[in-house]
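One structure is given here, and the rest of the page talks about it.
From a predicted model like this one, the values you see are computed outputs, not experimental measurements.
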Amino acid sequence: MPTDGEVQTLAPLTNGLIAEVLTARGYNFGTDDDGDIGGMWDDNLIWFFRRGSQGEMLQVRTLAAAEFTVDDVPRLYAFCNEWNHDRLWPKAFVHVNDDGTARVFGEVTTDLERGVSHAQLDQLIGCGISTGCQLAEAAAGLKAP
């Protein structure tokens, strides 16, 4: 990792670079048939997507482990609105599945059109994982004991 004042080289965002950072952190992860990278952190599923026309945008998306019913959606909306009001990362939202289950997702998206250094990507991935897990933990706290 570069020290203060050291020149950092910017490289295009690639799945290989994402995998390199995750490997350097000692994380376990996998790649699906579409080439998307993901893994489990504290029982939450976290994906590392490349979005944009050139795959230049990094999206760290967390699927919180806690599962809710459709009846919980109004309070989940209130929870996400409060979260988004008080915090920058991750953006929180609710998704309702066809079977009536509801889940909280978190998302950190960064435009890296000009490229990214290894140190920058390491920081973005670390922040995406840690804040995604914080959101998931807070969402789990909504479950009845």
Do [X] and [Y] land in one hydrophobic cluster if side-chain heavy atoms of ILVMFWY residues count as linked below 4.5 Å?
{"X": "Val73", "Y": "Phe93", "result": "no"}
{"X": "Ile125", "Y": "Leu88", "result": "yes"}
{"X": "Leu135", "Y": "Val60", "result": "no"}
{"X": "Leu76", "Y": "Trp83", "result": "yes"}
{"X": "Ile46", "Y": "Val94", "result": "no"}

Selection [range] - residue pairs positive for salt bridge (charged side-chain N to carboxylate O under 4.0 Å, His left out), sequence neighbours left out:
{"range": "residues 82-96", "result": "Lys91-Glu107"}
{"range": "residues 11-29", "result": "Arg25-Asp122"}
{"range": "residues 39-48", "result": "none"}
{"range": "residues 123-133", "result": "none"}

Passes side chain to side chain contact (heavy atoms under 4.5 Å, CB included), Leu63 versus Asn44? Steps please. CA-CA 6 Å; Leu63 170 58; Asn44 306 297; over 6 Å; no
Distance in Å, [X] [atom1] paired with [Y] [atom2], rounded so as to fall on 0.5 Å steps:
{"X": "Phe79", "Y": "Leu142", "atom1": "CZ", "atom2": "CG", "result": "5.5 Å"}
{"X": "Arg50", "Y": "Leu13", "atom1": "CZ", "atom2": "CG", "result": "5.5 Å"}
{"X": "Leu22", "Y": "Phe48", "atom1": "CG", "atom2": "CZ", "result": "5.0 Å"}
{"X": "Leu112", "Y": "Met57", "atom1": "CG", "atom2": "CE", "result": "8.5 Å"}

For Ser117, check side chain to side chain donor-acceptor pair (under 3.5 Å) against everything at least two apart and list the hits.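 Only Gln8, Gln120 meet the side chain to side chain donor-acceptor pair (under 3.5 Å) criterion with Ser117.
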Would you check if Leu58 and Ile18 make a side-chain contact, meaning some heavy-atom pair closer than 4.5 Å?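 Yes, their side chains come closer than 4.5 Å.
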Under the 4.5 Å side-chain heavy-atom rule for ILVMFWY, direct or indirect, which residues accompany Leu10? none
Look at the side chain of Asn97 and the backbone N and O of Asp99, then say whether any donor-acceptor pair between them is shorter than 3.5 Å. no
Can a donor-acceptor pair be found, under 3.5 Å and without considering hydrogens, that links the side chain of Ser130 to the backbone of Gly126? yes
Check residues 28-39 and write down every donor-acceptor pair under 3.5 Å in which the side-chain atom is one partner and the other belongs to a residue at least two apart or another chain.
residue: Asp32; atom: OD1; partner: Asp34; partner atom: N; Å: 2.9
residue: Asp32; atom: OD1; partner: Gly35; partner atom: N; Å: 3.1
residue: Asp32; atom: OD1; partner: Asp36; partner atom: N; Å: 2.9

Nearest heavy-atom neighbours spanning Thr62 and Gly128: OG1-O, 4.2 Å
Side chain to side chain contact (heavy atoms under 4.5 Å, CB included) with [X]: which residues, sequence neighbours excluded?
{"X": "Asn81", "result": "none"}
{"X": "Met40", "result": "Leu45"}
{"X": "Thr131", "result": "Trp89, Pro90, Val108, Gln134"}

Side-chain donor-acceptor pairs under 3.5 Å in residues 65-72, sequence neighbours left out?
residue: Glu67; atom: OE1; partner: Arg103; partner atom: NH1; Å: 3.4
residue: Thr69; atom: OG1; partner: Asp71; partner atom: N; Å: 3.3
residue: Thr69; atom: OG1; partner: Asp72; partner atom: OD2; Å: 3.3
residue: Asp72; atom: OD1; partner: Arg75; partner atom: NE; Å: 3.4
residue: Asp72; atom: OD1; partner: Arg75; partner atom: NH2; Å: 3.4
residue: Asp72; atom: OD2; partner: Thr69; partner atom: N; Å: 2.9

Using ring pair (Phe, Tyr, Trp, His ring centres under 6.0 Å) as the criterion, list what pairs up with Tyr27, not counting sequence neighbours. Trp41
May I ask you to decide if the ring planes of Trp47 and Phe49 are parallel, tilted or perpendicular, using 30° and 60° as cut-offs?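 Rings of Trp47 and Phe49: parallel, under 30°.
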